Every structure is written in C-alpha cells, then in structure tokens.
Amino acid sequence: SKYEYLITSKPEPNVLLIQLNRPKALNALCSPLFKELNQAMKDADGDGSIGAMVLTGSEKAFAAGADIKEMKDKQFADVYKNRFLEDWAEMARISKPIIAAVSGYALGGGCELALMCDIILASPTAKFGQPEINLGVIPGGGGSQRLTRIIGKSRAMEMVLTGRTITAEEADKWGMISRVVGQGEGQVVKDAVAMAKEIADKSQIAVHAGKEVVNEAYETTMAEGLKYERRIFHGLFATNDQKEGMAAFAEKRKANFTHT
Ligand code: HXC
C-alpha cells in the first residue's frame, strides 16, 4: 500500500473507502496519519472516476483522538510556530462528499474528524465525546465550534466541560449524525458505501454544488445564503446534466449523467 496508516480501496468503481489503520493505538491521529489522510482525500478529489468517499476506522475505534503521546511534551512555542493542527483545515477544501462510518470510539480529535465529514452514519456501538477537558486542554480540531452550531450551546457545553461520552442513540437524538444503522459487524461501512454509491451515481456537478451551498449556510447570513443558492442553481442550467436530468424525467427514463 501507498500508506502506512491508511488502507484505501474501491468497494464500488466510483467510491473510495478510506480506513484508518493504526489499530494498536485505536487510530490515534498522529501527524503523519493526518498528512496521509489529507493526501488520500486530495487525490480522490482530483480523480474523475471517484464520486464520493467513505471514511471509517475499526470496529473498536473510529479514532480515539489526537495522539496524546505525540502531544504531551510539546511547548507553546512548538505548537504555535509549527501551526500544530492547522493542516486539519485542508479537509474542508475537499469538494466531493465524505461520509463517516463510525463504530466504537470517536473521541476528541476523532469526534472532530467525524464532524468534518459531510454525513455521519453510526453503528449502535459508536461513542462520541470531547474528553480533552480531562487532559487539561480543550478541543482543538473544531469541536467547540461545530458541535455548538449542530447540537446547540447547552449540549456542547456539557460535552466540552464534562468530557462525557455520548451514545450513538444520543448523538442521533441530538442531530449530530444522520442515523444509527442496524446491528452487525461491518454494517455501518456497508450502509455508508451504499449511500456513497447512490450519491456518486448522480450528476457530480450537482453534487458538488449541493455540498457547496449547504456548507455556505454555516458561513453566511440567510439573505446572502439564499442569494448564493439561487446563483449556483441558475448556474446549473449551463450544464449538460441539467438538460439530461430534466429530459429524462419528461421522457420517463433514467438519466444518464455525463458529469458535464
Ligand atoms: C495516543 C492512544 C490514544 C490517544 C488510545 N491510545 N487513545 N494513544 N493517543 N488519543 C493507545 C493507548 O495508550 C493504548 O496504548 C492503546 O491505544 C489501547 O488503548 P487502551 O487505553 O488500552 O484501551 P481501552 O482500555 O479499551 O480504552 C479505550 C479508550 C482510552 C477509552 C478510548 O484509550 C482513552 O481514553 N483514550 C484517550 C481518549 C482521549 O482522551 N482522546 C482525546 C485526545 S486529545 P498502549 O501502548 O498502552 O497499548 C485530542 C485533542 C484534539 O484529541 C485536538 C485536535 C485534534
């Protein structure tokens, strides 16, 4: 394999599956692992044959957080000068959809990594938490901001200040994830791959636009966001996929998108 800490495969011709593969450390997110992850996602983003990605860990752990052993002796000067964790933001520039398939622990940076994905599916065994407070720090990979926008202040405060781990069921009720899948080993990955294939089979231009406009909702006012959505919507009338999609509907046949 190209990677030391990842296993990549194509369970469908247009879907890339990325599995974090540092099992002895419960997929603790050391810097070289994150570098590989950014590289794999950037490569897939530029690969025309891939329409969507699935990110997963193991049955026991999606990821148990940033690597505590790597961080423990760092000084302020190191983390500041070396812009520690700034490369995590690179994932936000990926334009293709990323589905997180979470089993077991998604803690600290692992929870934040799931939150950076576009859709989260969870196995009934999934456990989400921001336990940084127990280490004398706070979330550093976006948890305080993303959680607050998604689940609200009171629940985000509870997670960040107590460090309590929540169950898949709670995460579902709180709107942190799309849904909890059925029981069974590997089920969450199967369901995530099926969803990724469903998305990858659509017009890739429209999918790209859909991800872009939903993300814009977190960055702008309602009025600006609505205008932005309308402009992107207008722009799609310049694509062959819009002509094909609407013609196929009128002719009662399946659309054959060419991603042009
Ligand atoms: C480094 C880790 C690790 C981590 C687990 N390991 N989590 N190493 N960093 N985050 C290692 C353990 O040291 C151990 O190594 C091996 O993985 C197995 O873990 P155990 O603890 O023996 O397993 P278990 O008893 O089943 O407990 C599982 C666990 C626990 C509850 C998930 O490992 C745990 O609490 N991990 C830390 C969770 C955490 O605090 N995460 C937040 C990190 S801070 P050895 O060598 O002993 O076998 C963070 C900051 C984010 O994420 C900032 C932005 C990115």
Side-chain angles (χ1 to χ4, degrees), residues 4-7 18-41 55-94 98 100-118 120 122-151 155-171 176-177 185 188:
E4 186 178 353
Y5 297 111
L6 309 176
I7 298 172
I18 303 174
Q19 188 184 359
L20 304 177
N21 184 35
R22 209 188 160 204
K24 282 186 192 139
L26 303 183
N27 293 329
L29 304 161
C30 57
S31 298
L33 183 157
F34 220 90
K35 210 176 211 157
E36 288 189 354
L37 183 58
N38 276 329
Q39 191 59 50
M41 288 184 171
L55 176 63
T56 195
S58 66
E59 285 295 324
K60 181 162 183 197
F62 178 73
D67 190 323
I68 300 167
K69 292 164 192 168
E70 177 186 316
M71 286 186 290
K72 72 184 202 359
D73 296 321
K74 284 193 195 293
Q75 300 294 334
F76 171 79
D78 305 325
V79 293
Y80 187 70
K81 275 195 308 186
N82 299 326
R83 299 165 173 251
F84 182 53
L85 300 180
E86 253 183 51
D87 63 341
W88 280 48
E90 287 175 28
M91 223 178 120
R93 288 196 290 273
I94 300 295
I98 306 166
V102 179
S103 288
Y105 296 111
L107 301 180
C111 186
E112 294 170 305
L113 177 60
L115 291 171
M116 281 195 286
C117 295
D118 300 304
I120 305 176
S123 128
T125 65
K127 293 176 257 311
F128 298 90
Q130 298 289 163
E132 287 92 341
I133 198 79
N134 300 321
L135 301 167
V137 292
I138 59 170
S144 66
Q145 305 305 298
R146 290 200 176 90
L147 272 179
T148 305
R149 281 167 167 77
I150 295 163
I151 63 176
R155 287 161 171 170
M157 282 287 189
E158 181 185 343
M159 286 184 75
V160 170
L161 301 184
T162 72
R164 180 170 77 83
T165 291
I166 65 168
T167 61
E169 203 181 321
E170 271 177 299
M176 236 176 102
I177 64 174
E185 192 169 321
V188 71

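Nothing here was measured: the structure is a model prediction, and the numbers come from that model. First listed ligand is number 1; within each ligand, the first listed atom is number 1. Side chains included, hydrogens not; waters and symmetry mates left out as well; all remaining heavy atoms used. For reference, positions follow the sequence shown, starting with 1.
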- Side chain, backbone, both or neither: which part of Leu85 has a heavy atom under 4.0 Å from ligand 1? side chain
- Query: Going by the atom numbers of ligand 1, which of them fall below 4.0 Å from some non-hydrogen atom of Gly141?
  - Reply: 54 (C)
- Message: Suppose I only count heavy atoms of Gly108 and a 4.0 Å limit; which atoms of ligand 1 are within that range?
- Response: 42 (C), 52 (O)
- Note on the structure: Check: of Lys60, Lys24, Glu132, min heavy-atom distance to atom 50 (C) of ligand 1 comes from Glu132
- Message: Please list the nearest protein heavy atom to atom 20 (P) of ligand 1 with its residue and the distance rounded to 0.1 Å.
- Response: Leu26 CD1, 4.5 Å
- Task: Output yes when Glu36 and Arg22 qualify as a salt bridge under the 4.0 Å nitrogen-oxygen rule, no when they do not.
- Result: no
- Item | Greater than 12 external heavy atoms within 6.0 Å of Gln39's CD | yes
- Give the numbers and elements of all ligand 1 atoms closer than 4.0 Å to a heavy atom of Leu135. 40 (O), 43 (C), 44 (S)
- Item | N or O pair under 3.5 Å between Ile68 and ligand 1 | yes
- Task: Kindly state if atom 32 (C) of ligand 1 has a protein heavy atom within a strict 4.0 Å cut-off, that is, under 4.0 Å?
- Result: yes
- Take Val102 and Ile177 through the test side chain to side chain contact (heavy atoms under 4.5 Å, CB included) and record every step on the way to the result. CA-CA 10 Å; Val102 179; Ile177 64 174; over 6 Å; no
- Query: Do protein heavy atoms approach atom 26 (O) of ligand 1 to less than 4.0 Å?
  - Reply: yes
- Query: Side chain or backbone of Ala64 under 4.0 Å from ligand 1, or both, or neither, by non-hydrogen atoms?
  - Reply: both
- Message: Which option wins on minimum heavy-atom distance to atom 53 (C) of ligand 1: Gly140, Gly142, Ala25?
- Response: Gly140
- Item | Any donor-acceptor pair under 3.5 Å from Glu170 side chain to Thr167 backbone | yes
- Take atom 22 (O) of ligand 1 and look for protein heavy atoms under 4.0 Å from it; say yes if you find one, no if not. no
- Task: Just let me know how Ala66 lines up against ligand 1, side chain, backbone, both or neither, with a heavy-atom cut-off below 4.0 Å.
- Result: both
- Look at the side chain of Thr56 and the backbone N and O of Gln19, then say whether any donor-acceptor pair between them is shorter than 3.5 Å. no
- Message: Test your reading of the structure: does Lys69 have an N or O sitting under 3.5 Å from an N or O of ligand 1?
- Response: yes
- For atom 35 (O) of ligand 1, is some protein heavy-atom partner under 4.0 Å away? no
- Message: Can you tell me if Ile138 has over 12 outside heavy atoms packed within less than 6.0 Å of its CD1?
- Response: no
- Can you list the steps and then say if Leu55 with Phe62 is a side chain to side chain contact (heavy atoms under 4.5 Å, CB included)? CA-CA 9 Å; Leu55 176 63; Phe62 178 73; 4.0 Å; yes
- Query: For ligand 1, which atoms have a heavy atom of Pro131 less than 4.0 angstrom away?
  - Reply: 39 (C), 40 (O), 41 (N), 42 (C)
- Task: Let me see the working for Asn38 and Ile94 under side chain to side chain contact (heavy atoms under 4.5 Å, CB included), right down to the final yes or no.
- Result: CA-CA 9 Å; Asn38 276 329; Ile94 300 295; over 6 Å; no
- Glu158 with Arg164: basic N within carboxylate O range, under 4.0 Å: yes
- Hey, looking at atom 3 (C) of ligand 1, which of Ala28, Gly65, Pro23 has the closest heavy atom? Ala28
- Note on the structure: So the atoms of ligand 1 within less than 4.0 Å of a heavy atom of Leu107 turn out to be 32 (C), 38 (C)
- Report yes if some N/O of Gly109 lies less than 3.5 Å from some N/O of ligand 1; otherwise report no. yes
- Query: Is the backbone of Gly143 close enough, under 3.5 Å, to the side chain of Gln130 for a donor and an acceptor to pair up by distance?
  - Reply: no
- Take atom NZ of Lys35 as the centre, draw a 6.0 Å sphere, and report whether it contains more than 12 heavy atoms from other residues, nucleotides or ligands. no
- Item | For Trp88, the ligand 1 atoms whose distance to one of its heavy atoms is below 4.0 Å | 55 (C)
- Message: Could you go through Asn27 and Lys60, starting from their C-alpha distance and side-chain angles, then the distance that decides it, and tell me whether this counts as side chain to side chain contact (heavy atoms under 4.5 Å, CB included)?
- Response: CA-CA 10 Å; Asn27 293 329; Lys60 181 162 183 197; over 6 Å; no
